[in-house]
Trainee: 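Could you have a look at this structure, given as structure tokens, before my questions?
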There are 2 protein chains.
Amino acid sequence: MEPEILELERFLPYRLYRLADTVSREFSKIYKERHGLTRPEWRTLSGLGQRGTMTATELGEQSAMHKTKVSRAVAELERRRWLTRNPDRNDRRIEHLALTRAGLAAYREMVSLANAFERELLARLSAEERAAIVKGVAALEGRLGGAWAKY
Amino acid sequence: MEPEILELERFLPYRLYRLADTVSREFSKIYKERHGLTRPEWRTLSGLGQRGTMTATELGEQSAMHKTKVSRAVAELERRRWLTRNPDRNDRRIEHLALTRAGLAAYREMVSLANAFERELLARLSAEERAAIVKGVAALEGRLGGAWAKY
DNA sequence: CCAAATTTGTTTCATTTGTAACCATTGAAA
DNA sequence: TTTCAATGGTTACAAATGAAACAAATTTGG
């Protein structure tokens with residue numbers, strides 16, 4: 001028999017969203033205050049720093065961003081001279097994106113801030129709680145995979 | 001010693017955000033297709049259905065929404081005649097919001113769809129995985145609480 | 001009692017977002 | 001080949017968002 005009401009505070013989609021939103025806003029203060037980056041710009045910086053070189057489509061796949069977000073973030077980082085576009089030899093639709101020296105410097109700085117942020121976040125939890133969140137998130141990711149190339 | 005790179009796919013803030021975003025988008029299809037609701041409108045409907053009556057400020061606290069979102073969602077639900085505003089006897093700044101019969105009907109329908117959605121989401125996980133996600137989310141919520149009345 | 005500060009909620013404006021249309025190029029089919 | 005569909009990426013437009021200014025009512029502190 002169906003319950004008549006729904007407790008928003010116990011509804012997993014809501015709880016997940018609120019949690020992610022809070023954590024993400026907290027973290028965004030760091031790259032916003034330090035470098036004036038938006039979230040798509042941070043993800044672009046992060047993706048290229050990690051992988052070295054990617055096309056816009058690959059960036060979108062890696063960081064779960066809509067292609068218009070990628071396009072705009074890339075344009076802005078290029079304007080800052082934090083990345084360069086290199087043509088593909090065989091396919092002129094494609095550009096290989098890579099960080100410049102300045103982009104890489106910003107990336108390295110952000111990496112240590114990001115790691116510190118995550119460490120401090122997890123430090124608030126007990127060992128079992130840390131294990132639980134990681135296991136639970138991984139499990140859901142596994143069952144949703146594929147859903148997030150779409151958008 | 002600090003790692004030089006950061007793997008976005010393992011970075012908890014990113015993973016949480018992507019997961020929540022995917023789940024939320026999936027769920028939003030339901031209220032969007034069924035009733036043409038936005039997320040703030042859904043949360044408003046849900047909050048009032050659950051609690052019966054609330055002021056705009058209380059709604060914002062319960063559902064973690066910015067006051068401008070609340071204001072707009074309430075205006076739209078009022079336009080649909082899904083809720084009514086009732087003046088407060090002692091404080092004329094306040095209005096007590098409540099669902100109309102039509103609003104309540106929509107709410108009841110949404111409750112069963114929401115419950116089904118959550119059930120199906122959790123059904124993809126093993127019992128331990130379900131326990132893990134719930135425990136992990138609750139733990140983080142507990143350590144972040146208070147952070148989300150702000151915005 | 002009165003002025004200043006606070007609270008509640010709305011509105012304005014600039015920014016961010018996403019859908020859809022678009023251009024250029026490439027690949028596939030005839 | 002020549003066409004037609006698919007792909008990579010940008011742009012234009014409309015909708016959603018949030019910060020800040022605002023009006024109205026209430027509370028607080030002389």
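So that the names make sense, note that chain A is the first sequence line, chain B the second, and so on, each numbered from 1. Just so it is clear, the model here is predicted, and its values are computed rather than measured.
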Trainee: Should E9(B) and R51(A) count as an ion pair when the cut-off is N to O under 4.0 Å?
Mentor: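 A salt bridge links E9(B) with R51(A).
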
Trainee: On DNA chain C, compare the nucleotides closest to T38(A) and N90(A); which residue's is nearer the 5' end?
Mentor: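 On the 5' side of the pair lies T38(A).
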
Trainee: Tell me what T57(A) touches on the nucleic acid: a base, only sugar-phosphate, or nothing, going by heavy atoms under 4.0 Å.
Mentor: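 Result for T57(A) = sugar-phosphate.
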
Trainee: Less than 6.0 Å separating the ring centroids of Y17(A) and F27(B)?
Mentor: no

Trainee: What's the closest nucleotide to the side chain of R25(B) if the choices are dT8(C), dG18(C), dG18(D)?
Mentor: dG18(C)

Trainee: Would you indicate, yes or no, if dT10(C) has its OP1 or OP2 atom less than 4.0 angstrom from a side-chain nitrogen or oxygen of R85(B)?
Mentor: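 Result: yes.
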
Trainee: To the nearest Å, how far apart are E95(A) CD and dT26(C) P?
Mentor: 13 Å

Trainee: Among the candidates dG18(C), dT8(C), dT25(C), find the nucleotide nearest to the side-chain atoms of R93(B).
Mentor: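 Side chain of R93(B) sits closest to dT8(C).
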
Trainee: Are the charged groups of E76(B) and R72(B) less than 4.0 angstrom apart, N to O?
Mentor: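 The answer is no: the pair does not qualify as a salt bridge.
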
Trainee: Taking atom P of dC23(C) as reference, at what distance in whole Å does atom CG of D91(A) sit?
Mentor: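 After rounding, the reported distance stands at 19 Å.
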
Trainee: Can you tell me the distance, in whole Å, between the CZ atom of R89(A) and the P atom of dT26(C)?
Mentor: 14 Å

Trainee: Measure the distance from CG on D88(A) to C1' on dT26(C) and round it to the nearest whole Å.
Mentor: 12 Å

Trainee: Are OP1 or OP2 of dT10(C) and a side-chain N or O of K67(B) less than 4.0 angstrom apart?
Mentor: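 The answer is no; no side-chain N or O of K67(B) sits under 4.0 Å from OP1 or OP2.
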
Trainee: Taking CG from D21(A) and C1' from dT17(D), how many angstroms apart are they, rounded to a whole number?
Mentor: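 So the two atoms are 12 Å apart, to the nearest Å.
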
Trainee: Tell me the interatomic distance from R43(A), atom CZ, to dT17(C), atom C1', rounded to whole angstroms.
Mentor: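 Rounding to the nearest Å, CZ of R43(A) and C1' of dT17(C) are 13 Å apart.
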
Trainee: Partners of R143(B) by salt bridge (Lys or Arg N to Asp or Glu O under 4.0 Å), sequence neighbours excluded?
Mentor: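 Partners of R143(B) under the salt bridge (Lys or Arg N to Asp or Glu O under 4.0 Å) test: E129(A).
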
Trainee: Mark yes or no for a side-chain to base donor-acceptor pair under 3.5 Å between R72(B) and dG18(D), with no hydrogen or angle criteria applied.
Mentor: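 Yes, the side chain and the base share a sub-3.5 Å donor-acceptor pair.
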
Trainee: Rounded to the nearest Å, what distance is computed from the CZ atom of residue R39(B) to the P atom of nucleotide dA15(D)?
Mentor: 18 Å

Trainee: Have a look at H96(A) and tell me which of D88(A), N86(A), T53(A) forms a side-chain hydrogen bond (donor to acceptor under 3.5 Å, both in side chains) with it.
Mentor: D88(A)

Trainee: Picking from dT25(C), dG9(D), dG18(D), which would you name as closest to the side chain of K69(B)?
Mentor: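 Looking only at heavy atoms from C-beta outward on K69(B), the closest nucleotide is dG18(D).
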
Trainee: Heavy atoms from C-beta onward define the side chain here; which of dG9(C), dA20(D), dG18(C) lies closest to that of T68(B)?
Mentor: dA20(D)

Trainee: Where the side chain of H66(B) is defined as all heavy atoms beyond and including C-beta, which of dT10(D), dA19(D), dT26(D) is the nearest nucleotide?
Mentor: dA19(D)

Trainee: Roughly how many Å is it from CD in E61(A) to P in dT7(D), rounded to a whole number?
Mentor: 12 Å

